[in-house]
Amino acid sequence: MNQRPIVVGIDGSPAAEVAIRWATAEAASRKTHLQLVHAGESTASASRAADVVDHALAQVRSLEPTVEVDAWIEHGAPSTGLVKASTTAELVVIGSRGLGVMVGSLIGATGLDLAANARCPVIVVRPDLAGDSGTRVVIGYDGSSASESALDVGLDYAHRHDLAVRVVAAQPAGTELHRITDAELQDAVHRRGGHGAELIQITGHPAEHLLRLSADARLIVLGARGRGGFSGMLMGSIAQTVLQHASCPVAIIPAAAVGG
Ligand SMILES: Nc1ncnc2c1ncn2[C@@H]1O[C@H](COP(=O)(O)OP(=O)(O)OP(=O)(O)O)[C@@H](O)[C@H]1O
Ligand SMILES: [Mg+2]
C-alpha cells in the first residue's frame, strides 16, 4: 500500500483504547492502514509490552476486520518514538493521558511533546469524551500558516464525515494586531471549497470563544502555533488552553508539519 498510514500511540490505558477506536474509524474512512506504536523506556516490561500490542491488535480487528494493521515496539520515550513514526504518517492519534501521569492534568507530557514536534497532524482524544456525537468541525483561524493547514485538515475531515464546518477568527479585545478581515477569512475558506462553512468573526478571548463555539463539535482543529508568541515556542497559549479544556477530540497541526 503506498498510502501513508495512521499511527496510534498505545500504552494499554483507557485513553489509548479510545485513540485506537478513533484511529480505526479514520483508517477505514481514508482507506489506509494502521500502525500501532508502543514505546517503553524499560526492557524489563517486554512481556507487558507484548500484551499491550496483542490487546490493541485484537481491538482493531474486532472493530474493522478489513483495516490492515501492524504494530511495533519502540525502545525509548513515547514522544520520541511517535515523533519518529510521524515522519511517514498521515496522522498520529493518541490518548490525552496515559497511565502514569500527574493527577489533575488533562493532557500528558506525551501529548504536549508530540503536538509540538510531530511531522504530521496530531489527534488527541480523551477517554471520557470520545466525541462521536458532535455535528460539526470547528477550526480556529488566525491567518498563520499552521491555521491554513488547519483549514485543509478540518474541511477534509468534515467532507468525509458529512459534518458542518464552523471557522472561528477571534480578535482579542483592545488590539488591532493581526486583525483578520471578513474578506480574508472568506477567501481562505472559499478557495478551499468550503462554501457551506459558517464563518464567525468575534471579539474577545480566542480560546474562550473557541471552546464555547465547540459545544457541539466532533473535532476541533488548530495550529500548534499561531501568529503571536516568540520563535522558540512550540505550542501557543490558545492551542494549549483548547487542548486542556476541549470536550471533543482536538487535531493540532505542529509547526514541523506545515509545508516548507
Ligand atoms: N485569534 C484566534 N482566533 C481563532 N483561532 C486562533 C486565534 N489565535 C490562535 N488561533 C488558533 O490557535 C492556533 C495556535 O495559536 P496560538 O495563539 O496558540 O499560538 P501563538 O500565536 O504562536 O502564541 P500566543 O498567541 O500564545 O502568543 C492557531 O494556529 C489557530 O489555529
Ligand atoms: Mg496567538
Side-chain angles (χ1 to χ4, degrees), residues 4 6 22 26 29-30 86 89-93 114-116 118-125 131 134-172 177-229 234-243 246 248-260:
R4 291 154 83 87
I6 293 179
W22 197 97
E26 194 59 10
S29 162
R30 290 178 185 245
S86 76
E90 186 73 33
L91 288 178
V92 176
V93 187
L114 188 63
R119 306 299 201 274
C120 68
V122 175
I123 314 294
V124 182
V125 301
T135 58
R136 62 167 60 89
V137 175
V138 175
I139 305 165
Y141 183 75
D142 70 349
S144 63
S145 51
S147 74
E148 299 276 345
S149 290
L151 285 177
D152 290 331
V153 169
L155 287 166
D156 170 64
Y157 185 86
H159 181 70
R160 279 184 295 101
H161 295 274
D162 200 18
L163 297 165
V165 176
R166 173 178 280 172
V167 183
V168 181
Q171 184 63 22
L177 190 67
H178 300 318
R179 176 179 285 282
I180 305 290
T181 66
D182 289 353
E184 284 167 343
L185 178 61
Q186 197 171 38
D187 177 58
V189 177
H190 288 185
R191 99 176 97 92
R192 294 176 163 85
H195 297 275
E198 177 191 11
L199 308 180
I200 299 187
Q201 297 263 38
I202 193 164
T203 302
H205 195 285
E208 270 168 33
H209 282 309
L210 278 164
L211 289 165
R212 182 178 56 77
L213 292 164
S214 298
D216 197 21
R218 179 92 59 96
L219 182 70
I220 304 174
V221 191
L222 299 177
R225 286 291 314 276
R227 285 171 97 176
L234 291 171
M235 284 271 274
S237 59
I238 310 302
Q240 289 202 36
T241 306
V242 172
L243 255 185
C248 68
V250 180
I252 295 285
I253 320 299
V258 176

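Residue numbers start at 1 and run along the sequence shown.
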S.K.: Can you list everything that forms a side-chain hydrogen bond (donor to acceptor under 3.5 Å, both in side chains) with Arg212? Sequence neighbours excluded, please.
M.R.: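 For Arg212 the side-chain hydrogen bond (donor to acceptor under 3.5 Å, both in side chains) partners, ignoring immediate neighbours, are His209.
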S.K.: Roughly how far, to the nearest 0.5 Å, is the NE2 atom of His161 from the OG atom of Ser29?
M.R.: 4.0 Å
S.K.: Tell me, please, which residues at least two apart from Val153 pass side-chain contact (heavy atoms from CB on, under 4.5 Å).
M.R.: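 Val153: side-chain contact (heavy atoms from CB on, under 4.5 Å) contacts with Pro121, Val221, Ile253.
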S.K.: Applying side-chain hydrogen bond (donor to acceptor under 3.5 Å, both in side chains), can you list everything that pairs with Ser214, at least two apart in sequence or on another chain?
M.R.: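 Ser214: no side-chain hydrogen bond (donor to acceptor under 3.5 Å, both in side chains) contacts found.
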S.K.: Could you tell me which non-hydrogen atom of Ile123 sits nearest to which non-hydrogen atom of Ala251, and how far apart they are?
M.R.: CD1-CB, 3.5 Å
S.K.: Could you list the residues that satisfy side-chain hydrogen bond (donor to acceptor under 3.5 Å, both in side chains) with His178, not counting sequence neighbours?
M.R.: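 With sequence neighbours excluded, His178 shows a side-chain hydrogen bond (donor to acceptor under 3.5 Å, both in side chains) to no residue whatsoever.
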S.K.: Taking all non-hydrogen atoms of both residues, which atom of Ala164 and which atom of Ala158 are closest, and how far apart?
M.R.: O-CB, 4.4 Å
S.K.: Ignoring hydrogens, what is the shortest heavy-atom contact between Cys120 and Glu90? Give both atom names and the distance.
M.R.: CB-O, 3.7 Å
S.K.: So, applying side chain to side chain contact (heavy atoms under 4.5 Å, CB included) with Tyr157, which one of Ile139, Val137, Val165, Leu91 is it?
M.R.: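 Only one of Ile139, Val137, Val165, Leu91 forms a side chain to side chain contact (heavy atoms under 4.5 Å, CB included) with Tyr157, namely Val137.
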S.K.: Are the side chains of Trp22 and Ile6 in touch, meaning some heavy atoms are under 4.5 Å apart?
M.R.: no
S.K.: Suppose we screen for salt bridge (charged side-chain N to carboxylate O under 4.0 Å, His left out). Which residues come up paired with Asp216, at least two apart in sequence or across chains?
M.R.: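 By the salt bridge (charged side-chain N to carboxylate O under 4.0 Å, His left out) rule, Asp216 matches Arg136.
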S.K.: Do the side chain of Gln171 and the main chain of Pro206 share a donor and acceptor less than 3.5 angstrom apart?
M.R.: no
S.K.: Can you tell me how far apart CG (Leu163) and CG (Leu219) are? Round to the nearest 0.5 Å.
M.R.: 8.5 Å
S.K.: I'd like to check the side-chain hydrogen bond (donor to acceptor under 3.5 Å, both in side chains) partners of Asp162; sequence neighbours left out, ordered by chain and number.
M.R.: none
S.K.: Using the test side-chain contact (heavy atoms from CB on, under 4.5 Å), find all partners of Ala118 that sit at least two apart in sequence or belong to another chain.
M.R.: Ser86, Leu114, Val122, Pro254
S.K.: Ignoring hydrogens and angles, tell me if any N or O in the side chain of Ser147 forms a donor-acceptor pair with the backbone of Asp142 under 3.5 Å.
M.R.: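 Here the side-chain-to-backbone pair exists.
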S.K.: Give the minimum heavy-atom separation between Met235 and Ala116, together with the two atoms involved.
M.R.: CG-CB, 3.9 Å
S.K.: Any salt bridge (Lys or Arg N to Asp or Glu O under 4.0 Å) pairs touching residues 198-211, not counting sequence neighbours?
M.R.: Arg166-Glu198
S.K.: Please enumerate all residues that pass ring-ring contact (aromatic ring centres under 6.0 Å, His included) together with His205, with sequence neighbours excluded.
M.R.: none
S.K.: Checking Tyr141 now: which residues fulfil ring-ring contact (aromatic ring centres under 6.0 Å, His included) with it, not counting sequence neighbours?
M.R.: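 Not a single residue meets the ring-ring contact (aromatic ring centres under 6.0 Å, His included) criterion with Tyr141.
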S.K.: For the pair His195 and His190, name the ring-plane relationship: parallel under 30°, tilted 30 to 60°, perpendicular over 60°.
M.R.: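 Taking His190 first and then His195, their aromatic rings sit tilted (interplane angle of 30° to 60°).
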S.K.: Which atom pair, heavy atoms only, marks the closest approach of Ile180 to Gln201?
M.R.: O-NE2, 3.4 Å
S.K.: What salt bridge (Lys or Arg N to Asp or Glu O under 4.0 Å) pairs are there with at least one residue in residues 144-155, not counting sequence neighbours?
M.R.: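 Residue pairs passing salt bridge (Lys or Arg N to Asp or Glu O under 4.0 Å), neighbours aside: Glu148-Arg191, Glu148-Arg192, Asp152-Arg192.
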S.K.: List the atom of Ala246, the atom of Ile220, and the distance in Å for their closest heavy-atom pair.
M.R.: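 Shortest heavy-atom contact: CB-CD1, 3.8 Å.
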S.K.: Output all residues satisfying salt bridge (charged side-chain N to carboxylate O under 4.0 Å, His left out) with Arg160, sequence neighbours left out; order by chain, then residue number.
M.R.: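 Arg160 satisfies salt bridge (charged side-chain N to carboxylate O under 4.0 Å, His left out) with Glu26, Asp156 once adjacent residues are dropped.
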S.K.: Between atom CG of Leu222 and atom CD of Gln240, what is the distance when rounded to the nearest 0.5 Å?
M.R.: 12.0 Å
S.K.: Can you measure from CG (Leu210) to OG1 (Thr241) and round to the nearest 0.5 angstrom?
M.R.: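 Answer for the CG-OG1 pair, Leu210 versus Thr241, is 10.0 Å.
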